Protein chains: 2
Amino acid sequence: MKYGRKEDVLINPSFYNLKQQKQERIINAGIKEFVRNGFDKSSTNAIVEEAGISKGSLFNYFNNKKDLYLFLLDYSLEIVDKIIDDIDLEDGDLFNRIHKVGIRKLKVQMEFPHLFDLMTAAVAEESEDVRDIIKVRLSPVYRESQNKLYENIDYSLFREDVDVEKAIEILTWTMTGYGDKAVSQLRSFEDLGEFGERYLEEWERYSEILKYSFYK
Amino acid sequence: MKYGRKEDVLINPSFYNLKQQKQERIINAGIKEFVRNGFDKSSTNAIVEEAGISKGSLFNYFNNKKDLYLFLLDYSLEIVDKIIDDIDLEDGDLFNRIHKVGIRKLKVQMEFPHLFDLMTAAVAEESEDVRDIIKVRLSPVYRESQNKLYENIDYSLFREDVDVEKAIEILTWTMTGYGDKAVSQLRSFEDLGEFGERYLEEWERYSEILKYSFYK
DNA sequence: AACACTATTGACCACTACGGTCAATTTAAA
DNA sequence: TTTAAATTGACCGTAGTGGTCAATAGTGTT
């Protein structure tokens, strides 16, 4: 057989035959461990324990630790790609655009809480085993996302006396800041749907403050 | 001898006889490793390598890994305490107060780049060997710092239609955001003094934007 | 009930890195 | 030259690593 030999692919296709719930448990367990400890110091034992499967199963689905990592990275990048693709370039209002992206991100985070953290961790990853290939796979997505998120933005909506670049930075930092705060409070909520609504609603308050400050 | 037995103290006093430069190298190496990997996964081998001393020396100065960690934590907390004590309660302008604290923090970070990160990492530390004692030592300082930083602030300076609580959050997130950005750019500068000046100068730009937005 | 086939397990392997020790060596002081 | 103190790094028992694979459990077919 020329194509599809086991050595060529990251993953054993039988992984996709698992119940979706189990797939998600494995994906989340892997992401969580790699985010927390980086590639080298992450333990496959810890992953199987968190996922509630055996070591043998994990290494049945994935050839080795590295392939597992790369699968998770690709998995995350595809999701980001979809979000980027969905950006509506017609709407030049930065606050609208960020709000829409926020909704999409939130929905993903309900299923995969640390998925976006994996990408920021990957940027800082130092392990020689994966550093080079991370760069190859990550940088085009990064470039694209940065470009498209700010493409065709209507800067005339901003007040003339405000430094647009710095304003956008403040907006970004506020977003991540509020995101972190929300995640840290998430433990107390059981109904993630309700939490999501509250989250988006309260985000509007922050957004309004900055919009009032930065817009004409 | 009743007091000062080696078992009772975190540190062998001969550590203080070392040249200050060497002390700082050891402190920074330890902080860096513990911040990056947490207590359990931090390696004393990595620390001695980074510090440029031998394993025997490290365990001569400190009884064990745990005492080293606690020494570094206490060392950091004392510095934070000093900064808190220096807050001028007469000045009710939040922006002024934060600016002054920022200057103090910056000076510390010139000598100990990751010192404040050790405290935020300590909050999230999960190792059972140190988790309990961290809480005991950390929480009073945290409480004090939060209280005093916002004590006697003149809220009448804020516009009536702005949510002060959220405004302060935005200010905090902008501070940490810009701090992170600055640290990530720090590699390219050799003269830390000059960098510090630029840093504070540019911080003023962000501060002005928010001040203009939030104040009457 | 008996069979065939796949999915899943966890004991096990060779190996690496760990925290900590201490006899031997270097350095500094007297 | 002698003595004392500071520093080293080879070495120890232990624990945890990524990965394997014979054995077992589970499922569907006849």
Side-chain angles (χ1 to χ4, degrees), chain A residues 6-7 9-27 29-30 32-34 36-72 125-130 133, chain B residues 4 6-7 9-27 29-30 32-34 36-72 125-130:
Chain A
K6 207 188 172 191
E7 295 78 26
V9 285
L10 299 176
I11 189 177
N12 179 341
S14 69
F15 175 76
Y16 296 114
N17 296 337
L18 298 173
K19 287 188 211 157
Q20 201 186 338
Q21 202 180 346
K22 199 171 192 176
Q23 288 185 37
E24 287 190 11
R25 246 169 40 222
I26 296 170
I27 290 172
K32 186 174 169 186
E33 177 75 4
F34 284 125
R36 179 164 301 182
N37 301 314
F39 180 78
D40 280 338
K41 305 213 169 194
S42 283
S43 159
T44 52
N45 291 318
I47 292 171
V48 298
E49 197 178 335
E50 171 92 15
I53 61 169
S54 72
K55 198 100 160 278
S57 280
L58 184 71
F59 283 97
N60 175 37
Y61 305 135
F62 306 94
N63 298 318
N64 50 49
K65 186 178 166 182
K66 183 176 175 178
D67 281 2
L68 168 60
Y69 181 84
L70 293 178
F71 166 78
L72 295 172
E125 180 59 59
E126 285 187 313
S127 166
E128 291 186 7
D129 294 343
V130 291
I133 189 149
Chain B
K6 207 188 173 190
E7 294 79 26
V9 286
L10 299 175
I11 189 179
N12 179 341
S14 69
F15 175 76
Y16 295 114
N17 296 337
L18 267 45
K19 288 187 214 159
Q20 201 185 337
Q21 202 182 342
K22 200 173 193 174
Q23 289 185 37
E24 288 190 9
R25 246 171 38 222
I26 295 170
I27 290 171
K32 187 174 168 186
E33 178 74 4
F34 283 124
R36 179 164 302 183
N37 300 315
F39 180 78
D40 280 338
K41 304 214 170 195
S42 283
S43 159
T44 53
N45 291 319
I47 293 171
V48 299
E49 198 177 335
E50 171 93 14
I53 61 170
S54 72
K55 197 102 159 274
S57 280
L58 185 70
F59 282 96
N60 174 38
Y61 304 135
F62 305 94
N63 299 318
N64 50 49
K65 188 180 167 182
K66 182 176 176 181
D67 281 1
L68 168 60
Y69 181 84
L70 293 178
F71 166 79
L72 294 172
E125 180 60 58
E126 285 187 311
S127 167
E128 291 185 8
D129 294 344
V130 291

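Labels below follow one simple rule: chain letters A, B, ... track the order of the sequence lines, proteins then strands, and each chain is numbered from 1. Computed from a predicted model, the values in this text were never measured in an experiment.
- In terms of position along DNA chain C, the nucleotide closest to Lys22(A) lies nearer the 5' end than the nucleotide closest to the other residue of the pair Lys41(A) and Lys22(A).
- Lys41(A) contributes no side-chain N or O that, together with a main-chain N or O of Asn37(B), makes up a donor-acceptor pair within less than 3.5 Å.
- Taking atom CZ of Phe34(B) as the reference point, atom P of dC18(C) lies 12 Å away to the nearest angstrom.
- At whole-Å resolution of the value, CD in Gln23(A) and P in dA7(C) are 13 Å apart.
- Distances from the side chain of Lys55(A) to the nucleotides dG18(D), dG20(C), dT7(D) place dG18(D) closest.
- For Phe59(A), taking side-chain heavy atoms from C-beta onward, the closest of the listed nucleotides dG19(C), dT7(D), dG18(D) is dG18(D).
- Contact annotation for Tyr61(A): backbone-only contact, meaning every heavy-atom pair under 4.0 Å involves sugar-phosphate atoms and none involves a base.
- The side-chain tip of Lys66(B) does not point at the ring of Phe39(B) from less than 6.0 angstrom away and within 45° of straight on.
- Glu49(A) has its CD atom 14 Å from the P atom of dT9(C), to the nearest Å.
- Distance alone, capped at 3.5 Å, is enough to place a donor-acceptor pair between the Lys65(B) side chain and the Asp40(B) backbone.
- Remark: P of dA7(C) and CD1 of Ile53(A) are 14 Å apart, rounded to the nearest angstrom.
- Among the protein residues, Ser43(B) comes within range of the sugar-phosphate backbone only, with heavy atoms under 4.0 Å from sugar or phosphate atoms but none that close to a base.
- The base of dG19(D) does not come close enough to the side chain of Lys65(A) for any donor and acceptor atom to sit less than 3.5 Å apart.
- The phosphate of dA17(C) (OP1 or OP2) has no side-chain N or O of Asn45(B) nearer than 4.0 angstrom.
- Within 4.0 Å of Ile47(A), counting heavy atoms only, lies no atom of the nucleic acid at all.
- One atom, NZ of Lys66(B), and another, P of dG20(C), lie 11 Å apart when rounded to the nearest Å.
- Inter-residue side-chain proximity for Tyr69(A) and Asp129(A) is flagged as unmet; no heavy-atom pair is nearer than 4.5 Å.
- Glu33(A) places its CD atom 13 Å from the C1' atom of dG16(D), with the value rounded to the nearest Å.
- For dT7(D), neither phosphate oxygen OP1 nor OP2 lies less than 4.0 angstrom from any side-chain nitrogen or oxygen of Asn60(B).
- The CG-C1' distance, from Leu58(B) to dT8(D), rounds to 13 Å in whole Å.
- A straight line from NZ of Lys19(A) to P of dA7(C) spans 15 Å, rounded to a whole angstrom.
- The phosphate of dT7(D) has neither OP1 nor OP2 within less than 4.0 Å of any side-chain N or O from Ser54(B).
- Between the side chain of Ser54(B) and the main chain of Ser57(B), a donor-acceptor pair closer than 3.5 Å is present.
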